[in-house]
Amino acid sequence: MSASVLATTSFRVVLTAPSPQAELAAGVLARAAGLDPALAGQRLAGAPAVLCEGLAPGAARRLAALLRLFGLRVQTEAAGFPEAEADEPRFDVAVQAEPPVPGLPALLGISRAETAAGLREPGGLVMPGLDWAEVVALRQALDGRRGVRLVVSDPACATYDLYPRGRAPACARLVAQARRLGHGACALTGAVAAGLDRAARDHLLRRFPGAGVVAVNRDFQHFDLHLSAPVGAPGFVAARSGPERALPRAEALRARADQAAAGVEARLVPVWLRRA
């Protein structure tokens, strides 16, 4: 019975606080909700306000994620269940730096060993489930700290890739099962299974514990771009290195494509392999 109720429950997206960026998001809301742009602008002009309703859960989460990119404070609510409808948005945050970073353990409230171990993880030191006020406070606390990067991700629409942990090969059975689910390897980044949502990630990691892989949120991935000279030119290799120069995944893929178009061979190396 409960499964039937959940399957038919519709959701709405609610603006919980006014924002100077609301006008910029009117077009996004209009397209996603099928609204007249003027009406979308009116709904964004005041808060609290119901922006859109009658959505499936996934559609509501995706619209909320898009609107949050404009800095809007929104939440999804299950229509008809007011006692449990508020869905306060939560975010996963990664702190990325080359350890040690003086003062960082005290700021985060964890030990030096835990901080150092977290910073060496592929995605950095990941803190899941923070509300927006906590994200803002952490951003302000880290502002101005050289060599420290703060990356925020919405877990509701995050995409993950599986990489070998260390330099040992990943479990062949996991790789084969991932391929059957439509998640093949990525030759460009070195992922053994690419493009997983949370459900696929959790399924594979539960089914193959100890498989020698780590799931890395794409929002937290950074790569060094190793460039080699074109054929016939003097043989040299230039490498981007260091936490300030490492490229986010999307930017690294674009840079590699640009270099390939110019006849330059380029190779992406995950930053965590450089640190290993």
When clusters are formed by joining ILVMFWY residues with side-chain heavy atoms under 4.5 Å apart, either directly or through shared neighbours, do [X] and [Y] land in the same one?
X: Val151; Y: Leu138; result: no
X: Leu108; Y: Val101; result: yes
X: Leu119; Y: Leu130; result: yes
X: Leu104; Y: Leu150; result: yes
X: Phe220; Y: Phe223; result: no

How far apart are the C-alpha atoms of Leu142 and Leu107, what are their side-chain angles, what is the distance that settles it, and do they pass the side chain to side chain contact (heavy atoms under 4.5 Å, CB included) test?
-> CA-CA 9 Å; Leu142 294 176; Leu107 188 153; 4.2 Å; yes
Kindly compute the distance separating [atom1] ([X]) from [atom2] ([Y]), expressed to the nearest 0.5 Å.
X: Leu67; Y: Arg73; atom1: CG; atom2: CZ; result: 13.0 Å
X: His222; Y: Leu268; atom1: NE2; atom2: CG; result: 13.0 Å
X: Glu134; Y: Arg139; atom1: CD; atom2: CZ; result: 13.5 Å
X: Leu174; Y: Arg179; atom1: CG; atom2: CZ; result: 10.5 Å
X: Arg249; Y: Arg254; atom1: CZ; atom2: CZ; result: 11.0 Å
X: Asp224; Y: Leu247; atom1: CG; atom2: CG; result: 8.0 Å

Partner residues of Phe208 under the ring-ring contact (aromatic ring centres under 6.0 Å, His included) criterion, sequence neighbours left out =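 For Phe208, no residue satisfies ring-ring contact (aromatic ring centres under 6.0 Å, His included) once neighbours in sequence are set aside.
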Would you please name every residue forming a salt bridge (charged side-chain N to carboxylate O under 4.0 Å, His left out) with Arg256, sequence neighbours left out?
->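 Here no residue qualifies.
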Would you check if [X] and [Y] make a side-chain contact, meaning some heavy-atom pair closer than 4.5 Å?
X: Val74; Y: Leu63; answer: no
X: Thr159; Y: Asn217; answer: no
X: Val192; Y: Pro164; answer: yes

Should Arg12 and Leu55 be marked as a side chain to side chain contact (heavy atoms under 4.5 Å, CB included) after you check the CA-CA gap, both sets of side-chain angles, and the distance that decides it?
-> CA-CA 6 Å; Arg12 54 179 172 254; Leu55 299 174; over 6 Å; no
CA sep, side-chain torsions, deciding dist, call: Trp272, Glu121, side chain to side chain contact (heavy atoms under 4.5 Å, CB included) = CA-CA 7 Å; Trp272 57 90; Glu121 283 295 302; over 6 Å; no
Taking [X] for its side chain and [Y] for its backbone only, find out whether a donor-acceptor pair lies under 3.5 Å.
X: Arg90; Y: Gly129; value: yes
X: Glu251; Y: Pro248; value: no
X: His226; Y: Arg267; value: no

In residues 199-206, what donor-acceptor pairs under 3.5 Å come from side-chain atoms, sequence neighbours left out?
unit_1: Arg201; atom_1: NH1; unit_2: Tyr160; atom_2: OH; d: 3.4

Looking at residues at least two apart in the chain, or sitting in another chain, which of them share a side chain to side chain donor-acceptor pair (under 3.5 Å) with Gln42?
->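 Testing Gln42 for side chain to side chain donor-acceptor pair (under 3.5 Å), a comparison that skips the adjacent residues, returns none.
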Go through the structure and list residues passing side chain to side chain contact (heavy atoms under 4.5 Å, CB included) with Val214, not counting sequence neighbours.
->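 For Val214, the residues satisfying side chain to side chain contact (heavy atoms under 4.5 Å, CB included) (neighbours in sequence not counted) are Pro122, Tyr163, Arg165, Val216.
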Could you list all the salt bridge (charged side-chain N to carboxylate O under 4.0 Å, His left out) pairs where at least one residue sits in residues 210-219, not counting sequence neighbours?
->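 The answer is Asp161-Arg218.
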